[in-house]
Amino acid sequence: MAVQNEFENKRSKTLRWGYLFAGSAFILFVVFLGRILILQNTNVQEIKDDYINKNYREAKLKAARGNLYASDGSILATTVMRYDVYLDFKTIKDTVYSNNIGPLTDSLSKMFGKPRSYFRDRLDQQKKANNQYYSLVKGLDFDDYDRIRKFPIFKKGKNKGGFIIDRNFKRELATTQIGSGTIGMDDGVTKSGLEGAFSKYMTGTDGTRLEQRVNSSQWKPIDYWKVNEPIDGQDVYTTIDLRIQDIAHSALEKQLINFNGDHGCVLVMEVATGKVKAMVNLRRTEPGIYVDAYNYALKDATEPGSTFKTVSLLAAMDDGFIDENTTVNVGNGVWTYAKQRISDGHGGGIYEIADVLAKSSNVGSAKLITQYYADKPKVFLDHLKRWKMFDKMDIELPGITKPFIVTPESKRWNAATLASLAYGYSSRFNLLQLTTFYNGIANKGKMLKPLFIDKIMKDGQVLYTAKPEVMVSKMASTKAITMMTNALTKAVEKGTAKSIFTPNLKMAGKTGTARFEYWKPGPAKYQASFAGFYPADNPKYTCIVMINQPDNSKSFYGSTVAAPVFKEIAGKTFLKTPQNVEHEMLVDKKVDLSKMVEPNVKIAVNGRQMPNVVGLIGKNVIPQLENSGYRVDYKGVGRIKEQFPLEGAIIGKNQRIYLSLQN
């Protein structure tokens, strides 16, 4: 019995100690859990502010902007990789540093052309301070980056050689055939040209990465934390044809120099599609020097002068007021209407309707339009409204001006306004609007919206293909369109533009000579222009040429200043072997077009082995790989400098191939 009591006492004592221990442990657990909850709910922001936010940050990884191409696949603007080199001296062992610093400074001296001591002093100083993010050099291209990463110490990489690379993107124009005014820009604030127009497609989605503070002004990327990779933008293929662009650029530049013009522009549009194949804008910066820096074709609205006679007379033709048998007596070439003196530059007598255009008669145009529309100008203006001449053009490119036409509702309207409209005054248009109108005549009355985009691609896949968009399905009757085409053809064969006539290429068009700022004192200022299409019997291209403020002592007429540019462009773009065109017009003085054509080397993936493509032209190789079913990711422009996978590696279908290109 005594033994049993002793056992019970020991058992009770053990249980009491067990309960006491368990209770104490539970109390400690509750206190610990409560402390965690308190920390989570009371000091989170304090800890975040005191430590995390001060020492870590989420940095943006900029997505690469998509490439901008010409219609033939030539790159107009591209995003190229630039490399910034930083050094983490804390990861470089003292023995590695001391044994290799001499050869390293030798290599840096040769690469950057500075003495060894320059680099030795700075590197020793940073090593002593154990700088973890020393900026050595910024903005290296791929070749220089590939060279420097193989230097002593650096070739050991990041963990042993302290070699840190930060990659950045830079937008560069990849061709000299088109200037900054046409290609444009998008810097996040200002948008212009083709870059601004298609920015929504080419802009990618930025990624993020975490960075750790190194010192008060430097942050170091943390590679082992999760990185949200950026998604690069889409590639946009424009309608610009580099060959036609270069021909137009060269012809316009030469004529601007010959006549010492202030500025000028050319537009070439494909008749059947409305695609703008060339857009050149040049302005004088100093004598004999012209640059493409402002888009006059879209952003400037000016009085069109005689090129507008085509518009006014087509209205009368469509209404049936005039036909091939219509004549008008222009007298001695001077006529006063509503106290306004109207005069012609030459000729007189009785003109047939084709002669009014061919001889560019102000008097004839004004007499015909006022005869039929003086008491009902709205009927005349309704034609212009139907042809979208009152509307700001709905195109992708930013900055296009809205046209202006004086109407009876305006305070500027008077009895003479309709006569002024008839021959190209009391109105203002940009050149794209006039080109679109002339293209409608060339397209048998179907007016198409100007197109600047051909297609959009991403990773070798076509996401969008542009198709012609009809603005006006039938501008005028077939009879009126045919009559106008014949009249414009006669203007080249026998009229004011007969100086550019050639029997080998039938052209149709209208000269224009407009005086502007005529209310200001001083020498008269003129704008010479020519608008037309070719071949006249089966039009393929519409072209407009404008040269502003040519030297009056040489000439200021559209027939002698602007029309020859049209002829040169037509001869070079359409005829394989142009004839009866002045020899000097056939010489491309600006660019050797043969250099624009690179031999296309055929590549093949045999046995699923990656071929060697280093050194080949990227624009020739990339389509071949993509057509074979591989996804190609590339940066830069020009020849391939680096490839992954390497030559001989086994690659599967739909595998991504990485290429680095450099001019």
Side-chain angles (χ1 to χ4, degrees), residues 65-80 171-186 192-199 201-202 233-253 265-270 272-282 292 295 297-298 395-397 432 450-458 460 462-466 540-541 543 569 572-574 588 590-600 617-624 626 632 634-639 661 663:
R65 189 175 173 85
N67 290 332
L68 187 72
Y69 291 91
S71 59
D72 67 346
S74 300
I75 294 181
L76 303 180
T78 186
T79 299
V80 296
R171 196 67 171 174
E172 291 186 355
L173 302 188
T175 177
T176 59
Q177 280 78 36
I178 307 182
S180 58
T182 299
I183 292 181
M185 62 179 291
D186 179 7
S192 64
L194 298 168
E195 284 269 37
F198 307 122
S199 190
Y201 305 116
M202 293 186 288
Q234 301 166 357
D235 296 327
V236 171
Y237 286 73
T238 70
T239 59
I240 299 295
D241 185 312
L242 266 191
R243 177 175 174 270
I244 299 177
Q245 178 80 16
D246 182 71
I247 290 169
H249 188 294
S250 182
L252 178 64
E253 182 181 50
C265 48
V266 171
L267 284 169
V268 180
M269 182 180 288
E270 192 172 62
T273 64
K275 292 180 178 179
V276 177
K277 309 305 289 183
M279 181 166 60
V280 183
N281 296 274
L282 298 175
D292 181 351
N295 201 325
L298 306 184
I395 62 170
E396 300 93 340
L397 273 67
L432 183 63
L451 291 180
F452 292 88
I453 190 169
D454 206 355
K455 61 183 177 181
I456 300 172
M457 295 188 68
K458 176 69 173 177
V462 177
L463 305 180
Y464 168 78
T465 301
K540 184 173 183 181
Y541 295 113
C543 176
I569 294 170
K572 288 181 179 178
T573 57
F574 189 76
D588 285 293
K590 180 175 176 288
V591 175
D592 181 1
L593 292 175
S594 65
K595 294 180 180 179
M596 296 170 62
V597 181
E598 294 281 355
N600 193 352
I617 301 296
K619 73 173 186 178
N620 293 340
V621 170
I622 293 168
Q624 295 185 60
E626 291 176 340
V632 182
Y634 63 97
K635 300 296 180 189
V637 60
R639 295 186 181 275
L661 286 69
N663 273 328

What pair of heavy atoms forms the shortest contact from [X] to [Y], and how long is it?
X	Y	value
Asp292	Leu282	N-CD2, 3.9 Å
Gly193	Leu397	O-CG, 4.0 Å
Ile569	Ile247	CA-CG2, 4.0 Å
Ala278	Gln245	CA-OE1, 3.2 Å

Given the rule in the side chain to side chain contact (heavy atoms under 4.5 Å, CB included) test, do Leu463 and Met457 qualify, once you have shown the distances and angles that lead to the verdict? CA-CA 5 Å; Leu463 305 180; Met457 295 188 68; 5.9 Å; no
- Check Thr182, Asn281, Val280, Leu432 against Cys265 for a side chain to side chain contact (heavy atoms under 4.5 Å, CB included) and give me the one that passes.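 Testing each of Thr182, Asn281, Val280, Leu432 against Cys265, the sole residue satisfying side chain to side chain contact (heavy atoms under 4.5 Å, CB included) is Asn281.
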Hits for ring-ring contact (aromatic ring centres under 6.0 Å, His included) against Phe198, two or more places apart or cross-chain, chain-then-number order -> none
Item to check | Residues which pass ring-ring contact (aromatic ring centres under 6.0 Å, His included) with Tyr201, listed by chain and number, not counting sequence neighbours | outcome: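 Residues passing ring-ring contact (aromatic ring centres under 6.0 Å, His included) with Tyr201: none at all.
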Exercise. Do Met202 and Asp235 touch side chain to side chain, with heavy atoms closer than 4.5 Å?
Worked result: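 Of all side-chain heavy-atom pairs linking Asp235 with Met202, none is under 4.5 Å.
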**Asked** Do Asn295 and Met279 have side-chain heavy atoms sitting under 4.5 Å apart?
**Response**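 Yes. Closest side-chain heavy atoms under 4.5 Å.
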Quiz question: by atom type and distance under 3.5 Å, do the side chains of Thr573 and Arg243 form a donor-acceptor pair?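 Their side chains do not contain a donor-acceptor pair, so the 3.5 Å distance test is not met.
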* Asked: Any donor and acceptor pair, going by atom type alone, linking the side chain of Thr238 with main-chain N or O of Tyr69 inside 3.5 Å?
  -> yes
